[in-house]
Number of protein chains: 2
Amino acid sequence: MKPDHFEVTPACTAVHHLLARVGDKWTVMVVKYLGNGSMRFNELKRTIDGISQKMLTSTLRGLERDGFVTRTVFPTIPPRVDYELTDLGRDLLVPVKALGDWAIKNEQRVREARARFDAARAGKEHHSPFADAAE
Amino acid sequence: MKPDHFEVTPACTAVHHLLARVGDKWTVMVVKYLGNGSMRFNELKRTIDGISQKMLTSTLRGLERDGFVTRTVFPTIPPRVDYELTDLGRDLLVPVKALGDWAIKNEQRVREARARFDAARAGKEHHSPFADAAE
DNA sequence: CAGTATCCCCTTGGATACTG
DNA sequence: CAGTATCCAAGGGGATACTG
């Protein structure tokens, strides 16, 4: 156990925990697709290109654990499992979408700021006058 | 045909990138404290107890690069560096705060969902229904 | 004071193989 | 089909030491 004694408002902790949960590599995408209605496991896997089985599973488990999605198993052969947003999940979608709209709206400004910063940093380099690769 | 509540492709990428930036371990706290006005490096370091120099530096650099904070150096001895939110940074604070409010408002619901999930999972265990690590 | 530079551990996440 | 189990690489992040 860690004796970290934060004198930080509970707000920060709450925000950080939510962002840490929602800010991982795949959660937003899963939630967004489920926002359109319930989907099966492989349906999600096919739709979200690039996601591995392991990550889809663990992402869904996490969302299920936190009450954002429901997992419904149909004991057929082959098995079928449906995932669907709960009310809480749909509710979460509102502020997340707001952040998403902000992101889309300001993407360009961030990109420009980044370009300025990198250009300034490259200009200050005296060791290597070459263009250094930004990501 | 499939219901299409919102388009997925550009939104997901933008949202994920923003969340990945803002969802790391310290960014929210730094931005939040800077929301109260400009602060010096060590002032931030003292206030955000638990953060290392390395992480404060890299967090601030990232925020600066993306145009969310400005870094002002006073060439005195000892040196003084002020950090302050830009307009973009303040603007970002709006949807982030919305998410924060959601987090605070629904913290309990998430906690309860988690407890239910863990209880159900513990119930399915073949072995000890005893103490599972509660965080 | 405000950083850089290292070392190193731990987590995240991808690839692959196996199962009910 | 819908997972688990295992291995492994990359990078985030902490502790510490050094610097202008």
Side-chain angles (χ1 to χ4, degrees), chain A residues 1-6 16-17 19-30 33-34 38-65 69-84 121 124-127 133 135, chain B residues 16-17 19-30 33-34 38-65 69-84 117 121 124-126 133 135:
Chain A
M1 79 174 67
K2 290 181 181 179
D4 45 42
H5 37 64
F6 287 2
H16 173 251
H17 279 145
L19 285 174
R21 137 120 329 293
V22 154
D24 71 355
K25 196 167 179 182
W26 300 107
T27 294
V28 175
M29 266 181 222
V30 171
Y33 279 107
L34 287 179
S38 80
M39 291 178 87
R40 301 180 59 173
F41 184 87
N42 268 7
E43 197 179 353
L44 278 167
K45 188 172 182 317
R46 272 192 310 272
T47 310
I48 306 174
D49 197 58
I51 196 171
S52 64
Q53 261 178 334
K54 177 186 171 186
M55 287 319 296
L56 181 54
T57 302
S58 76
T59 299
L60 286 168
R61 284 292 173 284
L63 288 171
E64 189 195 357
R65 182 167 114 100
V69 309
T70 55
R71 177 171 178 273
T72 310
V73 181
F74 300 91
T76 57
I77 295 182
R80 168 190 175 139
V81 180
D82 278 12
Y83 291 93
E84 192 171 11
R121 193 164 56 87
K124 283 183 184 174
E125 285 291 341
H126 24 56
H127 287 301
E135 135 221 27
Chain B
H16 173 251
H17 280 144
L19 285 174
R21 141 124 328 292
V22 154
D24 71 355
K25 195 167 182 183
W26 300 108
T27 295
V28 176
M29 269 179 222
V30 171
Y33 280 106
L34 287 180
S38 81
M39 290 178 86
R40 301 179 59 174
F41 185 86
N42 267 8
E43 198 179 352
L44 278 167
K45 188 172 182 317
R46 273 193 309 273
T47 310
I48 307 175
D49 199 54
I51 195 171
S52 62
Q53 312 92 305
K54 178 185 169 185
M55 287 319 296
L56 181 52
T57 302
S58 77
T59 299
L60 285 168
R61 282 293 172 284
L63 288 170
E64 189 195 355
R65 183 167 113 100
V69 309
T70 55
R71 177 172 178 273
T72 311
V73 181
F74 300 92
T76 57
I77 294 181
R80 168 191 176 138
V81 180
D82 279 11
Y83 290 93
E84 192 172 12
F117 183 89
R121 195 163 56 87
K124 284 183 185 175
E125 287 291 339
H126 304 301
E135 100 190 43

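Below, chain A is the first sequence line, B the second, and so on; all start at residue 1.
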Considering just the side-chain nitrogens and oxygens of [X], establish if one lies under 4.0 Å of OP1 or OP2 belonging to [N].
X	N	answer
A:Lys45	D:dG3	no
A:Arg40	D:dC1	no
B:Tyr83	C:dC1	no
B:Arg71	C:dG3	yes

Would you indicate whether the side-chain heavy atoms of [Y] and [X] approach each other to under 4.5 Å?
X	Y	answer
B:Leu34	B:Leu44	yes
A:Leu56	A:Trp26	no
B:Tyr83	B:Leu63	no

Separation of atom [atom1] in [X] from atom [atom2] in [N], rounded to whole Å:
X	N	atom1	atom2	result
B:Asp24	C:dT11	CG	P	17 Å
A:Leu19	D:dG12	CG	P	17 Å
A:Leu44	D:dG3	CG	P	10 Å
B:Met39	C:dC1	CE	C1'	15 Å
A:Arg21	C:dT11	CZ	P	16 Å
B:Asp49	D:dG14	CG	P	12 Å
B:Met29	D:dG13	CE	P	12 Å
B:Phe74	C:dG3	CZ	C1'	17 Å

Given [options], the nucleotide with the shortest approach to the side chain of [X]:
X	options	answer
A:Asn42	D:dA2, C:dC1, C:dG3	D:dA2
B:Trp26	D:dG14, D:dA2, C:dA2	D:dG14
B:Met55	C:dG14, D:dC1, D:dG14	D:dG14

With a non-hydrogen cut-off below 4.0 angstrom, is B:Lys54 in contact with a base, only sugar-phosphate, or nothing?
->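 It contacts base atoms.
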
Exercise: identify the closest heavy-atom pair between B:Ser38 and B:Asp82 =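 Result for this residue pair: OG-OD2, 4.0 Å.
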
Could a donor-acceptor pair under 3.5 angstrom be found where the side chain of A:Gln53 meets the base of D:dG3?
->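 Answer yes: a donor N or O sits under 3.5 Å from an acceptor.
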
Hunt down the Watson-Crick or G-U wobble partner of D:dA9, both distances under 3.5 Å, from any strand shown, or write none.
->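 By the stated definition (distances under 3.5 Å), C:dT12 pairs with D:dA9.
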
Base partner of C:dG20, which must satisfy Watson-Crick or wobble distances under 3.5 Å |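 Its partner is D:dC1 (Watson-Crick or G-U wobble, both distances under 3.5 Å).
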
Pairwise 5' ranking along DNA chain C for A:Ser52 and B:Arg61, keeping only the more 5' one |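 The residue whose closest nucleotide sits nearer the 5' end is B:Arg61.
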
Mind running side-chain contact (heavy atoms from CB on, under 4.5 Å) on B:Thr27 and B:Arg21 for me, showing each step along the way?
-> CA-CA 8 Å; B:Thr27 295; B:Arg21 141 124 328 292; 3.9 Å; yes

